[in-house]
Q: 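Just passing along the structure, written as structure tokens.
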Number of protein chains: 2
Amino acid sequence: MKKRVSIKDVAKRADVSYQTVSKVLNDKAHVLPETAERVWQAARHLGYRPHHNARNLRAQRSRMIGYSWVPEKPNQANHILDMFLTSMVEVAKAAGYHLLPFPYREGDDGVVGYRELIDTGRVDGFILSSMNYEDPRARFLLEQQFPFVAFGRSNPEMDFPYVDVDGASGLQLATEHLISQGHRRIAVLAWPEHSRVGDDRLQGYQAAMNAAGLPTDPDLIARGENNFERARDAAGRWLTWDADRRPTGIVALTDIMAIGAIHAGQARSLTIGRDLAIVGFDDAPMAQYLWPPLTSVRQPTREAGRKCVELLVALIEGKELAARQVLLQPELIVRQSSSLIK
Amino acid sequence: MKKRVSIKDVAKRADVSYQTVSKVLNDKAHVLPETAERVWQAARHLGYRPHHNARNLRAQRSRMIGYSWVPEKPNQANHILDMFLTSMVEVAKAAGYHLLPFPYREGDDGVVGYRELIDTGRVDGFILSSMNYEDPRARFLLEQQFPFVAFGRSNPEMDFPYVDVDGASGLQLATEHLISQGHRRIAVLAWPEHSRVGDDRLQGYQAAMNAAGLPTDPDLIARGENNFERARDAAGRWLTWDADRRPTGIVALTDIMAIGAIHAGQARSLTIGRDLAIVGFDDAPMAQYLWPPLTSVRQPTREAGRKCVELLVALIEGKELAARQVLLQPELIVRQSSSLIK
DNA sequence: AAACTGTAGGCGAACGTTCGCGCGAACGTT
DNA sequence: AACGTTCGCGCGAACGTTCGCCTACAGTTT
């Protein structure tokens, strides 16, 4: 392992003081072009790279962004993480920052991990994902006045910069799509109450129904855990109804639940897409290989990652933000589970 | 934002020199128990945390581990990343390290990203994943004699510490499972040549066939790209064969390809699991919700992450390694795509 | 009483930077 | 010729640590 080359080595070679090297390399201060060139050549020749720890110690910053997310349970994929992380790292790198990922297990150590990272000077700011109402991390960081950006929203009265995908709009697209296919009785597989994301998405369903002048029958809204079995059973119950009451379309708040509904329909020998139209949310990569391929709402993941980092960097560096809060529009990917046209 | 509390603040409060505080807190050097207690109390009272940048600058290390992986294409999920990352971060944290993730796009900047991280003192070691033959990253790091651990293997003659999942063993399990279900003509959906992982897995298929005294017909080995369409078409071709030649079981090197095979079978109205048995590899979370649920080989992801970090930390700190190379055994998850018993 | 031993804790230096002050030289102005 | 300005660059200090050496004092031995 070779020895690092420091600013002093460059100085020796260029025959100037090491402080002058610093100035030249950061092009501060007036220096003769000829001296500057000598320094640059020496630096290039020795392959000099500034030592980040030293630079950051001096500058009292870390150029690190803490990224906190809640890991999924083992049998549920987080298919977003790869792309989200990649996108954040790339944008951060371009701005001279690196990412420090740390998983956040609920009830774990609460907020002490954050305090630790702040107090030890590890990070200059945070990006939080997996947000919900009353998020303790957001509360803590607001109180500490420490820079952060959330991917997702929390209580309306908590005012902080965020990036979010408009889930209401996503479910509205999904519902409108079914309506445009001629469906009138549309059910929704929703989440339990007290979920920020769940409420948001559900609201989009209701907006679309209202806009089309369709009644929103409370019996057509099934709230419950976000898993396959629960959704399958709830959908199965709807399908036992008489033909004149039974929903012909189902929108689900997630793909997993949509798949539950597909199974319920197939168990009753319905042809999905014709007898029963189903739309999911998330556009999991495997959704396209299901039978039938699943219509789903896709989030602009790369864009979200980019925006989070851009906002945070601006915040850290005290620049003006064009917008403190960004709402991105999702996209509906139509496949055969909701339409036979294809 | 409150001001950081440094060792000097503690010193002032405990009425000793700041160097003594350092000694007490790292408990080396003889100090009166009474003085030590005074220092500890002051530190606790002020909420002192050592500043990592300063500490690391002094110690000439970063306590950071670079983690490099190749991001998946947009429509292919990396369902492993979440768990793998979480597991690494947690183990690293326990050992006093943090993770620095950086995606590696092939042909991108080649190896300069690594040089950069080394030269700027950002990391003490690397964990590489997405390995293949002739891996340029491994070559470079070996040449630099910089500590690293690979998740996956490369050429046999390149000697470096690695953790890998025994893919051969995985495919052997899969193949043996089909044999035990009474299948005799078993086909395999493999990858193109020159893939370390692909060769490894394929070898397991052959080993199982040989061990059972079954012939390995070259026509039953379809090499090609790892995607749905290619696998579906290849499987479709087998299914046009006469009943006495046609394979009754198919093992695939990945779940995506297994799904392709399922579609091919269903397109010919075969009942998967009875008329045609199919086994995948990876155990993607959605695989269980396919119809029929997919039998697949599951990798011990958490364990792999743990081992990688343990090895690397030992390497960095110059400790003795129990084993420089670790091969973990995968597990076969039997579902209905390969067996009607369930 | 001088010399030795041991202990508590202070002090200076160093890790690799950046930053602002200030000095000397060259040049221009009165 | 004396003075002011500008320019180029060196110098000291600081960021928060750790480390090894040094000192002062007390107790013990000769």
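By convention in this document, chain letters (A, B, ...) are assigned in the order of the sequence lines, proteins followed by strands, and residues within each chain are numbered from 1. Just so you know, these numbers come straight off a predicted model, no measurement behind them.
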Q: Rounded to the nearest angstrom, tell me the gap between atom CZ in A:Arg63 and atom P in C:dT17.
A: 15 Å
Q: How do B:Ala36 and B:Ala54 order along DNA chain C: which one's closest nucleotide is nearer the 5' end?
A: B:Ala36
Q: To the nearest 0.5 Å, tell me how far A:Lys307 NZ sits from A:Gln325 CD.
A: 13.5 Å
Q: OP1 or OP2 of D:dC7 versus the side-chain N and O atoms of A:His30: is any pair under 4.0 Å?
A: no
Q: Quick one: which of C:dG20, D:dA14, C:dG9 gets closest to the side chain of A:Lys23?
A: C:dG20
Q: Answer yes or no: does a side-chain N or O of B:Gln19 lie under 4.0 Å from OP1 or OP2 of C:dA13?
A: no
Q: CZ of B:Arg122 versus C1' of C:dT17: gap in Å, rounded?
A: 14 Å
Q: Measure from CG on A:Leu25 to C1' on C:dT17 and round the result to the nearest Å.
A: 12 Å
Q: Counting side-chain heavy atoms from CB outward, which of C:dG10, D:dG16, C:dT17 is closest to A:Leu57?
A: D:dG16
Q: Do any side-chain nitrogens or oxygens of B:Tyr48 fall under 4.0 Å of OP1 or OP2 in D:dT17?
A: yes
Q: Kindly say if A:Asn53 contacts the phosphate of C:dC15, meaning a side-chain N or O under 4.0 Å from OP1 or OP2.
A: no
Q: Quick check: on DNA chain C, is the nucleotide nearest A:His51 upstream (toward 5') of the one nearest B:Leu32, or the reverse? Name the residue that is more 5'.
A: B:Leu32
Q: Of the candidate nucleotides C:dT18, C:dG16, D:dT17, which contains the atom at the shortest distance from the side chain of B:Ile7?
A: D:dT17
Q: Could you tell me which nucleotide pairs with C:dG28 by Watson-Crick or G-U wobble geometry, both distances under 3.5 Å, or answer none if nothing does?
A: D:dC3
Q: Ignoring backbone atoms, establish whether B:Ser6 has a side-chain N or O less than 4.0 Å from OP1 or OP2 of D:dC15.
A: no
Q: Check the surroundings of atom CD in A:Glu157: do more than 12 heavy atoms from other residues, nucleotides or ligands lie under 6.0 Å from it?
A: yes
Q: Given atom NE2 of A:His52 and atom P of C:dT18, what is their separation to the nearest angstrom?
A: 10 Å
Q: Please work out whether the ring planes of B:Tyr114 and B:Tyr104 are parallel, tilted or perpendicular, with thresholds of 30° and 60°.
A: perpendicular
Q: When you measure from the side-chain N and O atoms of B:Arg55 to the phosphate of D:dT18, is any distance below 4.0 Å, counting only OP1 and OP2?
A: yes
Q: In this structure, how many angstroms lie between the P atom of C:dG9 and the NZ atom of B:Lys12, rounded?
A: 20 Å
Q: Is the shortest side-chain N/O distance from B:Asn26 to OP1 or OP2 of D:dT18 below 4.0 Å?
A: yes
Q: Atom CG of B:Asp15 to atom P of C:dG10: distance rounded to whole Å?
A: 8 Å
Q: Does A:Glu90 come within less than 4.0 Å of B:Arg105, counting only side-chain N to carboxylate O?
A: yes
Q: Go through D:dC9, D:dT17, D:dG10 for me and flag the one nearest to the A:Val31 side chain.
A: D:dC9
Q: Would you tell me if any nitrogen or oxygen in the side chain of A:Ser17 comes within less than 4.0 Å of OP1 or OP2 on D:dC9?
A: no
Q: Under 4.5 Å between any side-chain heavy atoms of A:Arg306 and A:Val163, yes or no?
A: no
Q: Under 4.0 Å: is that the gap between some side-chain N or O of B:Gln60 and OP1 or OP2 of C:dA14?
A: no
Q: Measure the acute angle between the ring planes of B:Phe160 and B:Tyr162, then classify it against the limits of 30° and 60° as parallel, tilted or perpendicular.
A: perpendicular
Q: For D:dG8, take OP1 and OP2 only and decide whether either is under 4.0 Å from a side-chain N or O of A:Thr35.
A: no
Q: In whole angstroms, how far is the P atom of D:dG8 from the CZ atom of A:Arg38?
A: 13 Å
Q: Determine whether a donor-acceptor pair (one donor, one acceptor, N or O, separation below 3.5 Å) exists between the side chain of B:Arg58 and the base of D:dT18.
A: yes
Q: I want to check one thing: is the phosphate of C:dT18, taken as OP1 and OP2, less than 4.0 Å away from some side-chain N or O of A:Ser22?
A: yes
Q: What is the ring orientation for B:His98 with B:His52, classed by angle as parallel under 30°, tilted 30 to 60°, or perpendicular over 60°?
A: perpendicular
Q: Under 4.0 angstrom, heavy atoms only, what part of the nucleic acid is B:Arg61 near: base, sugar-phosphate, or nothing?
A: nothing
Q: From OH of B:Tyr18 over to C1' of D:dC15, roughly how many Å is that when rounded to an integer?
A: 12 Å
